[in-house]
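Written out below as C-alpha cells is the structure these notes cover.
Please read these numbers as outputs of a predicted model, since none were measured by experiment. Quick note: residue numbers are just sequence positions, from 1.
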Amino acid sequence: MSAGPAEHAAALTSSAVDLHAGGIDTGAVVRALLARAAAGQATAIGFPGAVDIDYGPVLPLFGRLFNNVGDPNTDPGGTAHTKSLERAVVDWCADLVALPAGDRWGYVTAGGTEGNLAALHAALGRHPGAIVYHSRSAHYSISKIIDIIGAPGVVVDVDDHGEMDYGHLAALVRRRHHRPAIVVATAGTTMTEAVDRPDRIEAVLLELGVDRRHVHVDGALAGLPLALDGAITLDGGGADSLAVSGHKFLGTPIPCGVVLMRDSIRREGRHIAYTSTLDTTVSGSRCGQAAALLWYAIAGYGTDGHRARAARARDVAGYAVDRLTEIGWPAWRHPHAFTVVLATPPAEVTRKWLLATEGHWSHVVCVPGVTRGQVDALAADLRAVTRAGAGVPAPRRPARTGGGAAARSRLVDLPAAHPVAAIHPAPAIHRP
C-alpha cells in the first residue's frame, strides 16, 4: 500500500530529517518530497515554471559531477564538463537577440540574479562611478546587487500598469547628468509582466547628453519569449546586456539562466593555471548539467517549436482573462504576457491555490503547461465563493476587457510576429 498525505508529511518533519538522529529513512524523505510537489502542481499557478517539457532523458547526467568551471570558451583539462553544449546555448540565445557574431559573450548562470549581477558588474567596470537606475517594479535582486557592487541606486516610478515612467527617469537623470548612467529595464515585472522599453530609455539618455551609459535588460521571465518575437535585441536598439532564466519559460528542473553581452564590454578575465581556464564568470565552479538541460530543451523543440509554446501559453492567458471576467472577477493582462492579474481572492481560495499576491492584486502565470482546465477550476472556485456570499472586489486599476482585441490594443507597443490569437501547430518533435 502506498503512503498517504499524512505519512508523507510525517517524513518531512524536523525530527524525521534531523541529521543528528540515527536511522533516517532517506527513501521515505525523497518519496515525500516528490509526492508533495506532485500534489501541489495543479494549483501552483502563481509562480512561473513551465511544466510541458520532459527532461527525463537528461537526468542520468546527474549521477556524476559535470563542472563548467570558468569561462565557457576555455575548456578545463581532465574534467567532465558540458562546455560545448553551453557554447551552443549561448550562440542560440545570442542569435535570437541579434548579438553581433564577432562581438558576443555570455554563459549559463545559476539563475536570473547571477545574470543581473554579472551584467551590472561589467557595466560598472565599463563606467566607474555610474549611478544605477531601476524601476519600482524591478526584481528584488536589483537592489541587492547594487549593494554588492557598491554603486548608488535610484528608484524610478512606474505607471499604473507596472512599466517604467520615462518622464520620471528623465527628471532623475537630469539632476545627475554629469554621472554615467546604468539603467535596468525589466522585461516581465514580477507582478504584472510589464516591459520597460530599452529604446525609450536610450532616447532619454541621449536627449540628456549622457554618453557614458549602459542599459541592461532583466528578462528573467519574458526575455526569451519576447526575443522569439524579435522584440528584444542587443544589436544597437538600446540594450547592452540581457539576463534570462531557464527554469521559467523552459521549465528546467534546476534554477539556471543565461547572461549575454558584447565581448568587448565584459570584464577582463585572468588565466587560472590549475583549472586551465579564464576567470570571467561570477561563480567559479558552475553546474554543467544546467547547460545540458538548456541545450536539450532548445535542441528538442527548435526556435519554431518554442515560438509555438509561447503562442499556446499566451492563448491560455487570454482565455483566463475572458473566463475570469465572464464570472465578474476583475482580471487583466498585458498583450504579450503569460501573467494574468486578478483581484485577490478570499482566503478560502488562496488556501487552495498558490497565487502570488501583492495587496489587492494577485496573479496567475500561464506558462507552457498550464491548461484551460486549471483556469476553469480556479474560476469555478471563485464562482463558488461568490455564490456563498463573498463579495466581488471592485477594480482598483484601470479596467480591462478579456483576452480579445481590446485587451491587446494597449500598453506595450512591441513587435508581434506571433500574436496572442495565433495558435501554432505543435512542433514535429514535441518531446525530445
Checklist entry - Val259 and Tyr107: side-chain contact (heavy atoms from CB on, under 4.5 Å), yes or no, with the steps? => result CA-CA 6 Å; Val259 63; Tyr107 72 94; 3.6 Å; yes
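- Counting heavy atoms from C-beta on, the side chains of Trp353 and Val364 never come closer than 4.5 Å.
- Between Leu224 atom CG and Cys93 atom SG the span is 5.5 Å, to the nearest 0.5 Å.
- Checked by atom type and distance alone, the side chain of Arg314 never pairs as donor or acceptor with a backbone atom of Val316 at under 3.5 Å.
- Smallest separation of non-hydrogen atoms from Ala331 and Val340: CB-CG1, 4.3 Å.
- Rounded to the nearest 0.5 Å, atoms CZ (Arg136) and OG1 (Thr186) are 13.0 Å apart.
- In this structure, His161 contributes its side chain and Glu163 its backbone to no donor-acceptor pair below 3.5 Å.
- Comment: Glu326 engages Arg323 in a salt bridge, judged by a side-chain N to carboxylate O separation of less than 4.0 angstrom.
- Looking at heavy atoms from C-beta onward, Pro345 lies in side-chain contact with Leu355 at the 4.5 angstrom threshold.
- For the pair Arg197 and Tyr166, the cation-pi criterion (under 6.0 Å, within 45° of the ring axis) is not fulfilled.
- Remark: Asp218 CG to Thr189 OG1 distance equals 10.0 Å, nearest 0.5 Å.
- Going from atom OG1 of Thr280 over to atom CG of Asn73 covers 8.0 Å, rounded to the nearest 0.5 Å.
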Next on the checklist: Under the criterion salt bridge (Lys or Arg N to Asp or Glu O under 4.0 Å), I'd like the reasoning laid out for Arg87 against Asp75: C-alpha separation, chi angles, the key distance, then a yes or no.
Outcome noted: CA-CA 11 Å; Arg87 289 189 286 267; Asp75 292 344; 2.8 Å; yes
Item to check | Residues Thr339, Leu221; criterion side-chain contact (heavy atoms from CB on, under 4.5 Å); working and verdict | outcome: CA-CA 10 Å; Thr339 301; Leu221 171 57; 4.0 Å; yes
Checklist entry - Could you walk me through whether Asp315 and Arg312 pass the salt bridge (Lys or Arg N to Asp or Glu O under 4.0 Å) check? => result CA-CA 5 Å; Asp315 181 71; Arg312 288 194 293 271; over 6 Å; no
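- Listed for the Arg176 side chain is no donor-acceptor partner under 3.5 Å among the backbone atoms of Ala181.
- Between the CG atom of Leu293 and the CG atom of Leu250 there is a distance of 10.0 Å, given to the nearest 0.5 Å.
- Leu382 approaches Leu342 most closely through the heavy-atom pair CD1-CD1, 4.3 Å.
- With a 4.5 Å cut-off on side-chain heavy atoms, His216 and Met261 do not count as touching.
- No side-chain donor from either of Thr109 and Glu114 sits under 3.5 Å from a side-chain acceptor of the other.
- Of the possible polar contacts, none joining the His214 side chain to the Pro180 backbone as a donor-acceptor pair under 3.5 Å is found.
- Between Ala292 and Leu61, the shortest heavy-atom distance links the atoms CB-CD1, 3.6 Å.
- The nearest pair of heavy atoms linking Ile232 to Ala187 is CD1-CB, 3.8 Å.
- Within the 4.5 Å cutoff, the side chain of Asp240 has no heavy atoms near those of the Arg213 side chain.
- Side-chain contact between Val215 and Leu205 is present, with heavy atoms from C-beta onward closer than 4.5 Å.
- A distance-only check finds a donor-acceptor pair linking the side chain of Arg267 to the backbone of His121 [under 3.5 Å].
- The CZ atom of Arg36 sits 5.0 Å away from the CG atom of Leu12 when rounded to the nearest 0.5 Å.
- The side-chain hydrogen bond (donor to acceptor under 3.5 Å, both in side chains) test with Asn68 is passed by exactly one of Gln289, Lys83, Glu86: Glu86.
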Next on the checklist: Using side-chain contact (heavy atoms from CB on, under 4.5 Å), reason through His134 and Val156 one step at a time and then give a plain yes or no.
Outcome noted: CA-CA 6 Å; His134 64 90; Val156 184; over 6 Å; no
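- With a 6.0 Å radius and a threshold of 12 heavy atoms from other residues, nucleotides or ligands, Trp295 has its CH2 atom at or below the threshold.
- Residues Thr252 and Tyr55 are in side-chain contact: their nearest non-hydrogen atoms beyond the backbone lie under 4.5 Å apart.
- Using modelled atom types and a 3.5 Å distance limit, the side chains of His177 and Arg174 yield no donor-acceptor pair.
- Heavy atoms from other residues, nucleotides or ligands lying under 6.0 Å from CD of Glu207 number 12 at most.
- Between Val108 and Pro72 there is no side-chain heavy-atom pair separated by less than 4.5 Å.
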Item to check | Candidate pair Asp235 and Leu99, rule side-chain contact (heavy atoms from CB on, under 4.5 Å), full reasoning | outcome: CA-CA 5 Å; Asp235 65 345; Leu99 196 57; over 6 Å; no
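- Without hydrogens or angle criteria, Asp103 side chain to Ser264 main chain gives a donor-acceptor distance under 3.5 Å.
- Within the 3.5 Å criterion, the main-chain N or O of Ala98 finds no donor-acceptor partner in the side chain of Thr233.
- Side chain of His247 to main chain of Cys256: a donor-acceptor pair is present (N/O by atom type, distance under 3.5 Å, no hydrogens or angles).
- When only modelled atom types and interatomic distance are considered, Asp376 and Tyr319 share a side-chain donor-acceptor pair under 3.5 Å.
- Using a 4.5 Å heavy-atom cutoff, the side chains of Thr192 and Trp361 are not in contact.
- Contact detail for Pro152 and Ile146: the closest heavy-atom pair is C-CG2, 4.1 Å.
- By the 30° and 60° cut-offs, the orientation of the rings of Trp332 relative to His334 is perpendicular.
- Between Arg104 and Asp91 there is a salt bridge, since a side-chain N of the basic residue sits under 4.0 Å from a carboxylate O of the acidic one.
- The closest donor-acceptor contact from the side chain of Asp165 to the backbone of Asp159 lies at 3.5 Å or more, if one exists at all.
- Between Gly246 and Leu294, the closest heavy-atom pair is CA-CD2, 3.8 Å.
- Panel note: side chain Glu202, backbone Asp199; no donor-acceptor pair is recorded below 3.5 Å.
- Looking at Asp147 and Lys144, no side-chain N of the basic residue comes within less than 4.0 Å of a carboxylate O on the acidic one, giving no salt bridge.
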